[in-house]
Amino acid sequence: MGSYILKRVLTAVPTLFGIVLITFILMKCVPGDPVYGMIGQHAPQEVIERYRKTMGLQENVARQFVNYVALLLRGDMGRSYYTNYPVGEAIMEKFPNTLKLACAAMALAVCAGALIGIAAAYWRDSAADRLLSWLMSLSIAMPVFWVGLILIYLLAYRWPLFPPSGMGHGEPAYLVLPALTLGIRSMAYIGRMMRSSMIEILHEQYILAARAKGISAARTLFVHALRNAAIPVVTLIGIDFASYLNGAVLTETIFGWDGLGRFTMTAIFRRDYPVILGSVLFGAFVFVAINILTDVVYRFFNPRIEYK
Amino acid sequence: MTSFHYARNPLRIAYALTCSVSVIIALGLAGCGAPRDDFRTLKLALDENPTTLDPAYIIDVSGGSVAAKLYNGLVAVDQKLALKGDLAERYEVSPDGRVYTFFLKRGVRFHNGRELTAEDVRYSFTRVLDPATVSTRTWVLDKIMGAEAFLQGKADRVSGIACPDGMTVQITLERPCASFLWLLTMPNAYVVPREEVEKWGKDFARHAVGTGPYRLGEWRQDYRLLLERFDGYFEGAPRMERIEYRIIPDQFTAFTEFERGNLDIVGVPASEFRRITVDPARAAYIHSNVGMNTYYIGFNCTRSPFDKPAVRRAFNYMIDRAKMVDKLLDGRAIAAVSALPPGLPGSELPAEGYRYDPQLAGALLKEAGVPDGFECTLYQNKTKEASHIIEAIHYYLRQAGVRVRIVEREWSSYKEALIKGEADLFFLSWWADYPDAENFFFPNFFSGNAGAGGNKTFFKDARIDAMIEAANGVAGEKERAGMYAAINEEIFAQAPWVFLWHRKEFVITQPWVKGYFLYPIYNADKGTDVSIDLSKTSGR
């Protein structure tokens with residue numbers, strides 16, 4: 001296992017380098033110039049040229065890329081063109097908020113999604129199954145911004161149970177609405193996946209054997225069946241969780257949540273290259289780390305899996 | 001088909017557990033609806049994070065409005081949009097309009113306790129002009145004598161700034177510039193203490209120190225900004241102990257926070273405008289004014305057929321701006337007659353504005369020799385509101401036989417396209433930095449500013465150029481107003497824009513907010529007069 005993880009970590013280095021390179025090229029290909037954003041509505045041409053020179057944007061693209069990689073190797077992600085704020089510092093400030101929101105959303109999605117999926121599988125083809133399936137389809141179909149606004153309207157405005165926005169001083173109340181908004185779609189996907197996976201497992205002979213041996217229904221379902229049914233769900237959780245750790249633009253925007261998603265999106269709109277590159281690199285790193293972690297978790301659910 | 005029947009239903013147990021946990025959590029969270037207890041802090045919202053609080057680099061409204069509370073300039077704008085001394089007790093202008101002498105107020109202190117001197121003003125202005133600072137706002141101060149040479153590295157100081165004594169600053173301009181005092185009201189001309197700038201370097205914005213009524217408390221980028229009362233403020237400490245700005249990008253969310261009593265002052269969002277403004281109970285708390293702005297459709301005046309004034313005038317007759325203001329904007333604007341918003345000297349035209357007259361538009365197109373059904377591109381920034389407006393404009397142009405291809409771009413590439421002159425037509429607005437007609441005419445219609453300079457229509461008229469330059473050299477207010485009126489009339493006739501409307505700003509305050517005034521210019525509000533009437537906060 002140890003050598004497997006080490007191998008994965010080592011192969012991650014060229015992956016991350018490739019991602020930085022592709023992002024860099026893409027950034028230079030799309031229209032838009034950061035300098036025009038920074039000058040406001042009115043600035044003489046010589047000011048623009050001076051600014052461009054200071055930021056090293058007048059050099060050829062290859063040279064700019066080399067400069068950026070050299071900066072990274074010195075452990076520096078540069079500073080935002082707009083705010084002059086160190087990118088690494090900004091990411092480290094925002095990541096804990098993103099992590100908190102991602103964990104809350106995922107916890108909600110996993111608990112509720114798994115229960116819904118198990119229930120739907122258990123009451124398969126019943127009215128309850130149809131109702132749950134319909135609810136899951138609805139949850140997937142609802143746009144995130146709409147869910148967020150409806151939740152604010154209902155649970156923060158009409159019945160003021162939760163704060164409408166912000167992060168407070170870390171009180172869990174502030175997490176509820178953003179986590180619900182962000183997690184509801186994952187919950188539905190997990191529920192669907194769990195349902196189909198569980199239906200398949202419940203037909204396995206070993207489940208029948210377990211019941212025949214007198215093992216309790218709860219133990220059969222939640223220990224024997226769930227463990228196997230959870231493997232495809234873990235993959236889904238891994239992908240969603242990694243995506244949440246890269247930020248959730250709409251949720252963060254609606255709830256004024258200071259996370260990585262809004263930070264990155266603002267930078268993309270402004271062509272704030274150091275922030276875009278830093279965020280993408282960090283996001284890619286998170287993805288790679290979660291993928292390795294997911295592989296490790298597989299083994300917990302199925303010890304027969306071997307790492308080569 | 002195998003079916004399973006369990007003697008005890010495990011799902012019921014699981015659901016019972018989940019429900020119990022949910023109830024416990026909900027009960028635990030019920031405290032979050034607790035009433036607000038901090039009324040010593042004025043709570044405001046910004047829709048975006050200020051890019052910087054370092055005066056040398058401020059370009060945005062958020063940054064400017066916060067910086068106004070942290071710093072002071074030599075002069076400022078008052079409630080009637082007139083100039084007043086700020087750090088300057090008084091100022092004198094030489095008869096030839098080139099030498100400005102500012103006599104500083106005594107006893108003005110920076111937040112670090114040091115007293116302000118004339119050298120601080122010289123340092124701050126020189127810093128903006130210093131090529132090493134790489135400020136994008138050098139144009140605010142480049143009228144000063146020797147500024148250009150200093151900017152180009154040909155001089156080691158700005159020769160036009162002198163400090164005859166510790167409390168007097170004398171600024172000599174290259175040539176008379178009537179708008180110079182207005183330029184000094186801009187955030188980029190705020191005064192900073194040298195020792196703090198040198199101490200913090202690139203991070204000065206995060207440790208901003210000025211002479212303003214508030215000092216910077218905490219700044220969590222993209223989330224929260226806290227200003228604390230500066231008791232040593234030279235005009236007396238402000239009434240509020242703190243101002244807390246929360247960065248809330250979504251208007252509806254900000255308004256919900258307001259409705260919950262968590263914000264004291266908020267802009268009325270478009271989605272809530274009708275509901276809020278018809279409510280008589282709220283009428284006393286709604287503040288509104290016409291901002292110093294003009295929304296317009298710009299023509300690329302270098303491209304045929306928009307190089308013909310008759311065609312541009314025809315487009316002005318094609319669009320029913322009054323109806324759009326009424327139906328599309330719910331009256332949150334006033335229809336524009338010319339490039340200048342009402343109230344500015346020179347804004348009144350002798351003739352009536354362009355009314356909606358498609359027949360006249362057709363006749364003008366015919367007269368200009370433009371064939372029926374020509375094609376053009378109309379660029380817009382990718383926002384929901386712009387899309388609604390462009391849809392309506394598209395309808396009017398199509399009615400007039402113009403086939404329009406709409407090109408949507410997000411802000412950065414949109415701006416690049418306009419600066420490079422890629423669009424035939426584009427939808428844009430101009431928000432003034434100071435309340436003077438020069439700030440509309442010079443950036444937008446002076447040919448030397450074509451492209452990034454602000455003149456995105458590439459409009460070029462030697463006579464108008466000369467008129468703009470001449471007006472800026474005239475010191476007398478009355479004479480200048482007359483010259484501005486003439487320029488405005490000429491621009492109206494040449495019509496490089498379809499003059500659409502001037503947006504009105506609507507702000508609502510809580511009943512407990514006292515002394516609030518909505519300034520038409522973002523950097524005029526120092527936040528010193530506003531306070532909270534605690535007798536009206538009971539029950540919150």
Side-chain angles (χ1 to χ4, degrees), chain A residues 30-34 36-45 47-48 50-51 54 79 82-85 90 93-94 111 115 118-119 122 149 152-153 156-157 160-167 171-174 176 202-203 208 211 216-218 221-222 253-256 258 262-263 269-271, chain B residues 2 4 6-11 13-15 18 25-26 28-33 49 51-52 54 57 59-60 131 134 136-139 202-203 205-206 220-223 246-250 252-254 256-257 259-260 262 409-413 415-417 419 430 443 449 451-454:
Chain A
V30 294
D33 188 331
Y36 292 141
M38 277 174 286
I39 56 170
Q41 286 280 61
H42 162 54
Q45 194 58 36
V47 169
I48 294 171
R50 196 182 314 128
Y51 218 83
T54 310
R79 283 177 179 252
Y82 284 80
T83 62
N84 211 4
Y85 206 81
E93 273 174 20
K94 288 163 203 307
C111 293
L115 281 175
I118 294 168
Y122 178 65
L149 293 179
I152 289 176
Y153 178 74
Y157 180 58
L161 290 169
F162 300 100
S165 70
M167 303 188 297
E171 299 92 326
Y174 286 86
V176 176
L202 288 178
H203 286 89
L208 195 61
R211 287 295 293 141
S216 74
L221 200 59
F222 285 101
T253 303
I254 293 165
F255 292 99
D258 182 23
R262 181 153 59 96
F263 178 63
F269 285 139
R270 288 171 166 177
R271 306 290 188 268
Chain B
T2 316
F4 290 86
Y6 296 96
R8 282 181 298 151
N9 192 337
L11 291 171
I13 301 166
Y15 279 115
T18 311
I25 292 170
L29 295 176
C32 74
N49 188 52
T51 49
T52 180
D54 183 339
Y57 304 102
I59 54 161
D60 58 325
V134 203
T136 54
R137 287 294 174 106
T138 51
W139 58 266
K202 283 182 174 179
D203 293 321
R206 291 155 70 187
R220 282 182 63 185
Q221 296 272 329
D222 302 311
Y223 183 60
R246 285 180 51 203
I247 317 297
I248 307 178
D250 188 80
F252 176 77
T253 310
T256 308
E257 290 284 10
E259 293 284 59
R260 287 275 298 263
N262 298 333
R409 293 272 183 92
E410 40 80 21
W411 182 242
S412 182
S413 59
K415 210 169 165 189
E416 187 183 29
I419 287 170
W430 178 262
N449 285 324

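These figures come from a predicted structure and were not determined experimentally. Chain letters run A, B, ... following the sequence lines, proteins first, then strands; residues in each count from 1.
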Can a donor-acceptor pair be found between the side chains of A:R50 and B:T138 at a distance below 3.5 Å? no
Top contributor to chain A contacts, counting heavy-atom pairs under 4.5 Å, from B:D54, B:N449, B:I419: B:I419
Any salt bridge between A:K94 and B:D222, counting N to O under 4.0 Å? yes
Only pairs of heavy atoms separated by less than 4.5 Å count here; which of A:P31, A:G256, A:S165 has the most with chain B? A:S165
Pick from B:W430, B:W411, B:Y57: which one has the most heavy-atom pairs with chain A under 4.5 Å? B:W430
Could you give the distance from CG (B:N49) to CG (A:D258), rounded to the nearest 0.5 Å? 8.5 Å
Exam field: side chain B:T253 to backbone A:F255, donor-acceptor pair closer than 3.5 Å: no
A:I254, part contacting chain B, at a heavy-atom distance under 4.5 Å: both
Hey, which of A:G37, A:C111, A:G40, A:P44 has the most heavy atom pairs under 4.5 Å with chain B? A:G40
Less than 4.5 Å to any heavy atom of chain A: does that hold for the side chain of B:A205, its backbone, both, or neither? neither
Is there side-chain contact between A:L149 and B:F252, with heavy atoms separated by less than 4.5 Å? yes
Tell me, for B:E410 versus chain A, whether the close heavy atoms (under 4.5 Å) come from the side chain, the backbone, both or neither. side chain
Relative to chain A, which of B:P249, B:G453, B:G454 shows the most heavy atom pairs under 4.5 Å? B:G453
Looking at B:I59 and A:M38, what are the two nearest heavy atoms and their distance? CD1-O, 3.2 Å
If every non-hydrogen atom of B:R260 is compared with every non-hydrogen atom of A:F162, which pair is closest and at what distance? NH1-O, 2.8 Å
Highest number of heavy-atom pairs under 4.5 Å with chain B: which of A:P34, A:G32, A:A156? A:G32
So, does A:E93 use its side chain to make a donor-acceptor pair with the main chain of B:R220 at under 3.5 Å? no
Quick one: does B:I247's side chain get under 4.5 Å of A:R262's, heavy atoms only? yes
Ranked by heavy-atom pairs below 4.5 Å to chain A, first place among B:P443, B:S412, B:P131, B:A254 goes to B:S412
Closest-packed option against chain B by number of heavy-atom pairs under 4.5 Å, given A:F263, A:Y82, A:Y85, A:Y51: A:Y85
Looking only at non-hydrogen atoms, find the nearest pair between A:N84 and B:K202 and report the distance. ND2-O, 3.3 Å
